[in-house]
Each structure stands twice: as C-alpha cells, then as structure tokens.
Amino acid sequence: MEFNQDNRSFCTTVAVLDTVAEQLADVDLTLPDYCPDIEKILKCTLIPKIQTRTLSGGQLQIDGSCVVNVLYVDSIKKSIRCCEQSVNFSQSFSVKESPDNPVILTKTKPEYINCRALSPRRLVMHGAFSLYAKVLSSSKTPFYTPSAENCLETRLLNVKCASLTSLCQEQFSVVEEVSVGDKPVIESVLNADVGVNITDTKAVTGKLMVNGEINLKLLYITDVESGETGKLDYLLPFNQIVDCEGIDEKTVNCVSCDIMSYDIRLKNDVMSDKPLLLLDLKLCLTEEGYVLLDENVVTDAYSTKCATQPTFTQLGIVSDLARLNDSHIEKTSVAVDNGKISKIINISSNQITADYACDEKGITVSGKLNICILAENEEHMPVFIERNIDYSHLMSSSTEYNGALYVEPRAASISYRLADDSTVELRCEIKLAVSAVSKENVRAVSDVEIFEDKPVKLEECALTLYFAQAGESLWEIAKSHNTALDKLIEENAAAAQNEDISRMLLIPRV
C-alpha cells in the first residue's frame with residue numbers, strides 16, 4: 001500500500017514555450033521629394049517594434065513593425081540626413097499547453113542588414129532580426145511531510161523555500177510632450193535612443209506600485225540648410241500601479257520592464273515657435289512575487305514493522321532571492337582605420353547584450369556593448385565608426401547567489417575625449433540589474449510504498465551492541481537495525497552527541 005501523507009507543494013514558474021524565430025526585413029526605399037540625394041551611406045539600422053502579443057487556442061501571435069533607418073551624407077551640402085521606412089511582420093508560435101494567466105516575454109535582436117544603392121534616390125535593403133518568445137506559467141511542485149499517523153520513521157531536512165504567490169503582467173503607454181527648452185529647435189530627428197529603468201517598487205495587498213524613469217537621447221538637425229546638429233538628453237519619471245493578486249508587504253517581488261515599441265514625432269506648439277517632441281511608448285511590466293517559507297522536507301523514510309520502498313525525486317528549491325543593482329565602468333580606445341578625426345558629432349549605443357555565470361565569487365555579468373561614433377574627418381566630411389566592446393562585471397553582494405531570473409543591462413552614459421586625431425578614448429557606464437536567486441537541489445521522498453505482507457523480522461534480544469565507526473550517522477544505523485531513531489538517541493544520549501568519533505551503541509528493539 002502507499003503511505004498516506006499530507007500532500008503539500010510550493011509554486012514556481014515554468015516555461016511552456018521558449019523559442020526563437022528569424023524575421024526577414026526587405027525594403028525597397030525611394031527617397032521622398034524633400035530629401036536630397038544620397039552621396040554616401042553612413043549606417044543602416046533595423047529597429048524592431050512589437051505592437052501586439054496574443055495567446056489563444058494554443059497559438060501565440062506576435063505582430064509588429066520593423067523600422068529600417070538610413071543615415072547618409074547628402075550630395076549637395078555634404079551634411080547628415082536620415083530617412084526611414086517600416087515593414088510589418090507577423091509571427092505565430094504553437095503552444096502545446098494552454099496555461100491559466102500566462103506571462104508572455106518577448107525580445108528582439110537585430111542580426112544583419114545589407115544595403116545596395118540602385119540610384120542616388122533608391123535603396124534596396126535586406127536584413128533580419130531574431131524574435132525571442134517565452135511563455136511562463138505557474139506550476140506546483142509537490143513534496144511530502146509527515147502525517148499525523150506515526151507509522152513511519154522519517155528523516156527531515158529544514159529548508160528555506162521561495163514559493164511563487166503572484167505572476168502578473170501589464171502593458172501600458174506613456175505619452176509625453178517634450179520641449180527642447182533653450183536648446184536649438186528640432187527640425188529633423190537623426191537618431192533616437194530610448195531606455196527604461198525601474199527605480200523603486202512597493203507592494204501592498206493585491207497592488208504593486210512601480211516607479212521608474214525613461215531616458216530619451218536624441219541627435220537631431222537644428223538647421224536643414226546648414227546641416228547643424230544638436231543633442232537632447234531628457235529624463236522622464238513615471239509611476240504605474242499594477243493589479244497583482246497574491247502579493248502583499250511581505251512578498252519579495254522580481255520586476256522587469258521592457259519597451260515594446262516607441263514613436264517619436266514633431267508637433268507644432270501654439271505657445272512657441274519651437275515644435276514639441278511627442279514621445280509615445282508602449283511598456284510592459286512583468287512581476288514575479290515570492291514568499292519565503294520554512295519547510296521540513298522528508299529526505300528518507302522507513303517502517304520498523306514492514307518492508308518499505310521509498311521513491312525519491314530531485315526538488316529544485318529557491319532558498320533566497322533579491323534584486324541587485326550595480327554600475328560598471330568600461331574604458332576603451334577606438335582607433336580610426338583610415339583618416340583622421342577633426343570633430344565628434346555624437347556617440348551612442350543602440351544595442352547591449354548580457355549573460356551571466358556563477359562561481360564561488362558570485363554572479364558575473366558579461367556581454368557586448370555596441371558603440372556608434374558619428375564624427376567628421378579632416379575634410380569635415382561625416383564618417384561613421386562602429387565597434388563592439390566586451391565587458392564583464394562581478395556583481396557586488398552576490399556571493400550567496402548562484403542563479404538569476406532576469407539580467408537587465410543598460411548603457412547609462414558614454415563620455416569621451418580625443419586622445420589624438422585618430423583615437424577616441426571612451427568611458428562607458430553600464431547599469432546592471434539582476435534578479436538573483438540562491439538555488440539548491442534536494443533529494444526528497446515523493447512516495448513511500450509499504451509491504452504489509454513482508455513484516456520486519458524482530459531481534460530476539462531487547463538490546464543489541466553495535467560498534468559505530470567515525471562518521472556513521474545515527475539515522476543509517478537506526479534504519480539498518482529497524483529501530484526508531486528517537487529510541488536509539490534515548491539509549492545513547494552521550495554517544496549520540498558526536499558522530500565524528502567511533503563509539504559503542506546500544507540498539508533497542510521496538
């Protein structure tokens with residue numbers, strides 16, 4: 001028969017879908033009439049934007065658009081110009097399971113783009129980006145604790161266990177009219193970099209209050225005739241209240257925020273001769289809420305009356321978790337392959353990657369930072385320089401953690417100086433946010449079968465003498481002699497205090 005134990009469980013996240021697909025972007029671009037001819041292409045960029053994500057009938061549908069941005073030198077004034085065109089994309093993934101209240105995570109990564117000029121006004125471009133999709137759901141993992149019936153001897157291990165109590169997601173929009181203030185007027189946007197950062201979270205019963213900031217960095221044309229450029233660095237705070245069933249003041253919350261899509265356009269201001277900048281973002285907040293429990297896990301069991309056969313399983317337990325925030329400074333030099341630099345127009349980063357590894361020192365985050373340098377050469381012609389910089393950072397206070405739920409890198413700032421006319425020295429500040437976890441695998445009992453037709457043969461004597469070797473555990477001794485552990489300890493109170501020495505034990509009969 002099976003031993004009737006109280007069946008309890010702890011809750012974790014499980015990925016019911018974790019996949020990637022390549023999306024092609026083919027564009028045949030003809031310059032609008034107001035754009036001057038192309039003399040030289042500086043940079044072509046893919047900017048994927050996700051508009052909608054729906055999960056229904058076992059299908060995950062993702063729709064969006066991919067903006068192809070072309071930065072070039074015009075043939076008349078030899079100044080920087082920009083044109084862009086977007087193409088729509090749609091991708092469907094099959095999801096075998098249909099979970100309740102799923103969380104959808106998506107990420108895009110530009111892979112390549114090839115550009116060919118058919119004429120000074122027509123470009124044909126072929127590119128691709130990777131679309132990563134993951135669907136998370138909650139899953140209960142059972143473990144057993146002793147029942148009120150004391151028919152088995154059980155070995156218990158006390159563990160800290162993080163149990164998922166909340167898994168929620170909310171999409172919301174942030175719309176802001178941005179004024180350039182005393183900066184030069186914006187006539188045309190050349191490059192935009194938008195980042196998001198969570199600064200603080202607070203949980204109350206059923207609600208999560210999130211504070212964050214959006215950082216908008218712009219390179220724009222201030223005068224179309226002269227080609228003069230200007231820069232804007234704008235910080236926009238935001239707050240959002242998310243309904244999260246199952247959280248309260250005691251839960252530990254792991255929160256991430258992603259930019260799904262954004263749109264930047266000029267808007268006339270009736271109060272000023274300078275047009276406003278209309279920023280429209282679609283953000284997605286994802287929250288995992290955990291409560292830390294003290295649990296006794298059965299790691300072994302036997303009966304003193306009948307033969308038994310326990311079944312074991314490996315329990316993956318998260319014993320602790322925390323959000324870690326760090327700053328990393330990466331210094332490097334970029335040399336120009338050909339020619340000299342007379343002026344730096346702008347330095348930006350349009351992509352940063354991150355992965356992590358764990359060892360006895362803690363969690364190390366490493367990845368690549370893409371650096372884009374727009375400059376003028378000695379002939380005052382615009383040139384474009386692009387480099388990938390490797391970085392690696394050991395997170396502080398991470399020694400006790402051996403995993404991560406989320407790793408969120410962000411290029412916070414890039415400063416520079418011209419070391420000479422062909423070398424740029426860079427100082428890049430990277431902000432890292434890691435939802436760190438401490439994980440362990442516990443070999444635990446998942447079921448115990450008792451064979452009532454196979455009774456244990458009892459010893460004829462009431463006490464048995466046994467010489468225990470150093471390091472031999474009392475549990476294994478009691479189990480091998482079919483006696484109760486508490487009786488063994490009671491009979492050998494002094495010897496039971498130290499298992500590291502050899503000792504003589506009295507084995508009682510039960």
Side-chain angles (χ1 to χ4, degrees), residues 25-47 66-87 110 112-127 180 183-193 216-232 263-268 273-275 277 334 336-350 370-387 416 418 421-422 424:
D26 293 317
V27 174
D28 189 338
L29 186 150
T30 300
L31 293 181
D33 293 339
Y34 56 82
C35 289
D37 289 357
I38 298 173
E39 177 170 309
K40 176 184 177 183
I41 296 174
L42 297 174
K43 172 69 174 177
C44 294
T45 307
L46 288 179
I47 309 172
C66 182
V67 177
V68 179
N69 181 284
V70 180
L71 205 63
Y72 69 95
V73 178
D74 78 73
S75 60
I76 301 173
K77 299 183 180 297
K78 315 302 181 187
S79 59
I80 304 169
R81 292 289 187 267
C82 175
C83 64
E84 61 183 31
Q85 185 170 315
S86 65
V87 291
Y112 67 88
I113 183 167
N114 298 319
C115 182
R116 184 164 60 97
L118 300 182
S119 74
R121 301 196 62 80
R122 185 182 174 193
L123 301 176
V124 174
M125 289 165 284
H126 172 72
V180 296
K183 290 183 175 294
V185 65
I186 300 176
E187 293 199 6
S188 176
V189 175
L190 293 175
N191 181 69
D193 181 29
L216 170 64
K217 297 178 181 179
L218 281 186
L219 174 67
Y220 60 92
I221 295 177
T222 64
D223 186 352
V224 173
E225 292 299 321
S226 65
E228 286 295 318
T229 61
K231 298 179 187 179
L232 176 68
D263 185 39
I264 300 172
R265 58 185 182 272
L266 296 176
K267 177 184 177 183
N268 291 328
D273 57 349
K274 293 182 178 181
L277 202 67
V334 175
V336 180
D337 296 331
N338 297 305
K340 298 179 180 181
I341 297 175
S342 63
K343 176 185 176 182
I344 298 292
I345 299 173
N346 188 53
I347 298 182
S348 63
S349 172
N350 59 13
N370 177 255
I371 297 292
C372 301
I373 302 175
L374 191 59
E376 288 184 0
N377 60 17
E378 65 271 24
E379 298 174 355
H380 303 290
M381 282 286 292
V383 293
F384 190 87
I385 307 160
E386 187 174 17
R387 297 287 188 273
Y416 68 91
L418 280 172
D421 55 11
S422 63
V424 183

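All of these numbers come straight from a predicted model, not from anything done at the bench. Along the sequence shown, the residues carry numbers beginning at 1.
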Q | Of all pairs that satisfy salt bridge (Lys or Arg N to Asp or Glu O under 4.0 Å), the ones with a partner from residues 370-383, not counting sequence neighbours | A | none
Q) Applying salt bridge (Lys or Arg N to Asp or Glu O under 4.0 Å), which residue pairs with at least one partner in residues 26-39 are found, sequence neighbours left out? A) Asp28-Arg122, Asp37-Arg121, Glu39-Lys78
Q | Distance in Å, Asn346 CG paired with Lys217 NZ, rounded so as to fall on 0.5 Å steps | A | 9.5 Å
Q: Measure the spacing between CG of Asn350 and CD1 of Ile47 and express it to the nearest 0.5 Å.
A: 8.0 Å
Q: Output all residues satisfying salt bridge (charged side-chain N to carboxylate O under 4.0 Å, His left out) with Lys77, sequence neighbours left out; order by chain, then residue number.
A: Glu225
**Q.** Glu84: partners by salt bridge (charged side-chain N to carboxylate O under 4.0 Å, His left out), with sequence neighbours left out
**A.** none
In the structure I gave you, are the side-chain heavy atoms of [X] and [Y] within less than 4.5 Å of one another anywhere?
X	Y	answer
Leu71	Leu374	yes
Cys372	Phe384	yes
Tyr416	Ile347	yes
Ile38	Leu31	yes
Ile186	Leu218	yes
Tyr220	Thr229	no
Ile373	Ile345	no
Met125	Asn114	no

Contact summary for [X] and [Y], nearest pair of heavy atoms:
X	Y	value
Cys44	Ile113	O-CG2, 3.5 Å
Tyr72	Cys35	OH-CB, 3.7 Å
Gly339	Ser422	O-CB, 4.2 Å
Pro382	Lys40	O-NZ, 4.0 Å
Ile221	Ile80	CD1-O, 3.4 Å
Cys82	Asn69	SG-ND2, 3.2 Å

Without swapping roles, check the side chain of [X] against the backbone of [Y] for a donor-acceptor pair under 3.5 Å.
X	Y	answer
Asp74	Ser79	yes
Arg81	Gly227	no
Thr222	Glu228	yes

Q: Check step by step if side-chain contact (heavy atoms from CB on, under 4.5 Å) holds for Leu118 and Leu123.
A: CA-CA 6 Å; Leu118 300 182; Leu123 301 176; over 6 Å; no
(Q) Using side-chain contact (heavy atoms from CB on, under 4.5 Å), reason through Ile344 and Val424 one step at a time and then give a plain yes or no. (A) CA-CA 9 Å; Ile344 298 292; Val424 183; 4.0 Å; yes
Q) Ser348 and Asp193: side-chain donor and acceptor closer than 3.5 Å? A) no
Q: Apply the test side-chain contact (heavy atoms from CB on, under 4.5 Å) to residues Val180 and Leu277: give CA-CA distance (whole Å), side-chain angles for both, the deciding distance (0.1 Å), then the verdict.
A: CA-CA 8 Å; Val180 296; Leu277 202 67; 5.9 Å; no
Q) Would Asn377 and Ile341 count as a side-chain contact (heavy atoms from CB on, under 4.5 Å) if you check the C-alpha gap in whole Å, the side-chain angles of each, and the deciding distance to 0.1 Å? A) CA-CA 4 Å; Asn377 60 17; Ile341 297 175; over 6 Å; no
(Q) I'd like to check the ring pair (Phe, Tyr, Trp, His ring centres under 6.0 Å) partners of Tyr112; sequence neighbours left out, ordered by chain and number. (A) His126
Q.
Among residues at least two apart in sequence or on other chains, which ones pass side chain to side chain contact (heavy atoms under 4.5 Å, CB included) with Asp421?
A. Lys340
